[in-house]
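Comments concern the structure below.
Within every chain, numbering begins at 1; the chains are lettered A, B, ... in the order of the sequence lines, protein sequences first and strands thereafter. Note that these values count all heavy atoms, side chains included, but never hydrogens, waters or copies made by symmetry.
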There are 2 protein chains.
Amino acid sequence: MGVTAVPFPLPRGACSIAASLELVGERWSLLVIREVAWGSHRFSDIARGTGAPRDRLTARLNSLVAAGVLEKRAYSDAPPRSGYHLTAAGRDLLPVLQALLQWGDKWVADEPPVLLKHAPAGHAEHPVDAEWICRTCGEPAIGSRVTRELTPAGRVLSGLPADEEHDHEH
Amino acid sequence: MGVTAVPFPLPRGACSIAASLELVGERWSLLVIREVAWGSHRFSDIARGTGAPRDRLTARLNSLVAAGVLEKRAYSDAPPRSGYHLTAAGRDLLPVLQALLQWGDKWVADEPPVLLKHAPAGHAEHPVDAEWICRTCGEPAIGSRVTRELTPAGRVLSGLPADEEHDHEH
DNA sequence: CCTCCTGAGTTTGACGATCGAACTGACCAT
DNA sequence: ATGGTCAGTTCGATCGTCAAACTCAGGAGG
């Protein structure tokens with residue numbers, strides 16, 4: 001909830017991955033979010049940081065604002081200027097960015113260009129090496145430990161009969 | 001390492017997020033990986049599951065194989081047929097998919113269409129609700145707890161002077 | 001007052017990517 | 001022979017993306 005616009009139509013076999021990609025899966029979108037998350041808030045800084053063409057950047061910024069991921073905040077009246085900031089939904093995309101960063105560090109970069117450092121209270125500063133842990137049980141939650149199940153809502157979206165009982169109509 | 005092809009050119013301000021997106025950031029790529037990860041291995045199943053046009057699917061499958069994320073494995077000689085399977089690099093993308101799934105469940109779906117279930121040894125089955133935890137210190141590793149630092153490799157890619165000492169030239 | 005500069009876009013025209021639908025070609029079952 | 005499945009290819013039309021040029025405001029310098 002809280003997120004609205006729908007750039008491209010929802011692919012068959014609907015799932016939340018597809019839904020997320022509709023909002024942030026277009027070219028430049030995630031790089032724009034990275035720039036804003038890392039402290040660039042003005043149009044020109046984001047343009048420089050991502051390398052996106054200015055007209056594409058305008059389009060992406062607008063669609064991300066429409067999607068509820070970014071918000072526009074004025075920082076000057078005289079020449080009317082505003083910067084872009086993450087909403088709560090935008091901040092919740094940080095795990096996606098970190099997953100991509102860790103994957104790129106491991107599989108594509110010869111040497112990571114950016115290091116993430118972690119300094120929680122009571123611990124010395126050290127590089128981040130994170131894994132996906134289930135809040136409920138504290139165990140790693142990835143791969144074969146995880147199974148999938150279609151909900152009633154999912155069955156409807158997939159065009160299947162709504163309940164799991166076999167239906168008697170031919 | 002292990003990953004090779006480069007579909008679209010590297011944006012300025014290189015980081016591993018951009019590098020990852022070059023390999024798996026094109027339209028359909030992540031949905032294709034979802035389909036394969038969730039058990040569709042044949043062309044037609046992937047086409048049905050993602051909704052991608054067949055020519056696009058051919059292109060994406062080829063680029064993902066070239067990227068080292070998928071591999072083609074023959075399952076029939078007589079009519080020469082092969083299916084697509086995740087490589088180790090491909091399996092390492094599961095956290096990206098799960099991060100997108102969780103974000104979509106929280107921010108775009110009214111009701112999640114697919115539920116992830118977790119059943120580790122010694123725990124009852126329950127829905128997955130995962131977060132990034134640092135392997136080194138066991139603390140959550142996201143947002144303000146994490147800081148960034150440009151490595152020497154990163155400075156070179158960003159076109160900055162290679163060492164962090166101030167240079168004395170002019 | 002006139003000119004240059006910056007910041008945030010918008011417009012333009014060329015070009016490449018993407019679309020759905022139709023087609024191919026190999027194999028199998030009847 | 002006919003129909004069906006599978007893994008693509010080919011097609012013409014549309015859509016997205018690109019770099020560069022342009023707009024429109026408000027300073028700053030002269």
Side-chain angles (χ1 to χ4, degrees), chain A residues 5-13 18 21-32 35-36 39-67 70-85 159, chain B residues 5-13 18 21-33 35-36 39-67 70-85:
Chain A
V6 179
F8 54 82
L10 199 125
R12 179 188 306 275
L21 289 173
E22 280 168 43
L23 294 173
V24 299
E26 290 157 306
R27 212 187 164 179
W28 303 118
S29 291
L30 284 168
L31 287 181
V32 167
E35 278 307 299
V36 175
S40 293
H41 301 289
R42 306 148 88 108
F43 186 92
S44 301
D45 293 339
I46 300 170
R48 196 176 9 262
T50 58
R54 310 171 71 75
D55 63 339
R56 290 298 89 205
L57 186 55
T58 303
R60 284 304 88 88
L61 286 169
N62 288 338
S63 70
L64 290 171
V65 167
L70 295 183
E71 61 179 354
K72 222 170 169 169
R73 211 181 287 165
Y75 66 87
S76 152
D77 283 328
R81 294 289 140 80
S82 31
Y84 297 86
H85 296 261
Chain B
V6 179
F8 55 82
L10 199 124
R12 178 190 305 278
L21 289 173
E22 280 167 45
L23 294 174
V24 298
E26 289 159 305
R27 211 184 164 183
W28 304 116
S29 291
L30 284 168
L31 288 181
V32 167
I33 293 163
E35 279 306 301
V36 176
S40 294
H41 300 291
R42 305 147 89 107
F43 186 92
S44 301
D45 293 340
I46 300 169
R48 197 177 8 262
T50 58
R54 308 172 74 75
D55 63 338
R56 290 299 89 207
L57 185 55
T58 303
R60 282 304 85 87
L61 286 169
N62 288 339
S63 70
L64 289 171
V65 168
L70 295 183
E71 60 179 355
K72 223 170 170 168
R73 210 181 287 166
Y75 66 87
S76 150
D77 283 329
R81 292 290 140 80
S82 31
Y84 297 86
H85 295 261

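When rounded to the nearest whole Å, the span between CZ of B:Arg73 and P of D:dA7 equals 15 Å. Between B:Arg54 atom CZ and C:dC23 atom P the separation is 15 Å, expressed in whole Å. Remark: P of C:dA8 and CD1 of A:Ile46 are 9 Å apart, rounded to the nearest angstrom. Rounded to an integer number of Å, the gap from NE2 of B:His41 to P of D:dC6 is 15 Å. As a whole-Å value, the separation of A:Glu26 CD from D:dG16 C1' is 10 Å. Rounded to whole Å, the distance from CG on B:Asp77 to P on D:dC6 is 18 Å. Atom CG of B:Asn62 is separated from atom P of D:dA7 by 14 Å (rounded to the nearest Å). In this structure, B:Leu61 places its CG atom 11 Å from C1' of D:dA7, rounding to the nearest Å.
Not one side-chain nitrogen or oxygen of B:Trp28 sits closer than 4.0 Å to the OP1 or OP2 atom of C:dA17. Contact between the side-chain N/O atoms of A:Lys72 and the OP1/OP2 oxygens of C:dA8 is not found at any separation under 4.0 Å. A:Arg56 has a side-chain polar atom (N or O) that falls below the 4.0 Å cut-off from OP1 or OP2 of D:dT17. The phosphate of C:dA8 has neither OP1 nor OP2 within less than 4.0 Å of any side-chain N or O from A:Tyr84. Taking only side-chain nitrogens and oxygens, B:Tyr75 comes nearer than 4.0 Å to OP1 or OP2 of D:dA7.
A 4.5 Å side-chain heavy-atom check between A:Lys72 and A:Tyr84 finds at least one atom pair inside the cut-off. Two residues are said to be in side-chain contact when any heavy atoms from C-beta on lie closer than 4.5 Å; A:Arg27 and A:Arg56 fail this criterion. B:Phe43 places none of its side-chain heavy atoms less than 4.5 Å from the side chain of B:Ser82.
At distances below 3.5 Å, at least one donor-acceptor pair connects side-chain atoms of A:Thr50 with backbone N or O atoms of A:Ile46.
Take the nearest nucleotide of DNA chain C for B:Pro79 and for B:Pro53: the residue whose nucleotide is more 5' is B:Pro53.
Here the nucleotide nearest the side chain of B:Asp55, chosen from D:dG8, C:dG20, C:dT18, is C:dG20. Closest to the A:Arg60 side chain, of the nucleotides C:dT18, D:dT17, D:dA7, is D:dT17. Among the nucleotides C:dT18, C:dG7, D:dT9, the one closest to the side chain of B:Arg27 is C:dT18. The side chain of A:Phe43 lies closest to C:dA8, out of C:dA8, D:dC6, D:dG8.
Note that NE2 of A:His41 and NE2 of A:His85 are 5.0 Å apart. Values are rounded to the nearest 0.5 Å.
Within 4.0 Å of A:Ser44, counting heavy atoms only, lie sugar-phosphate atoms of the nucleic acid but no base atom.
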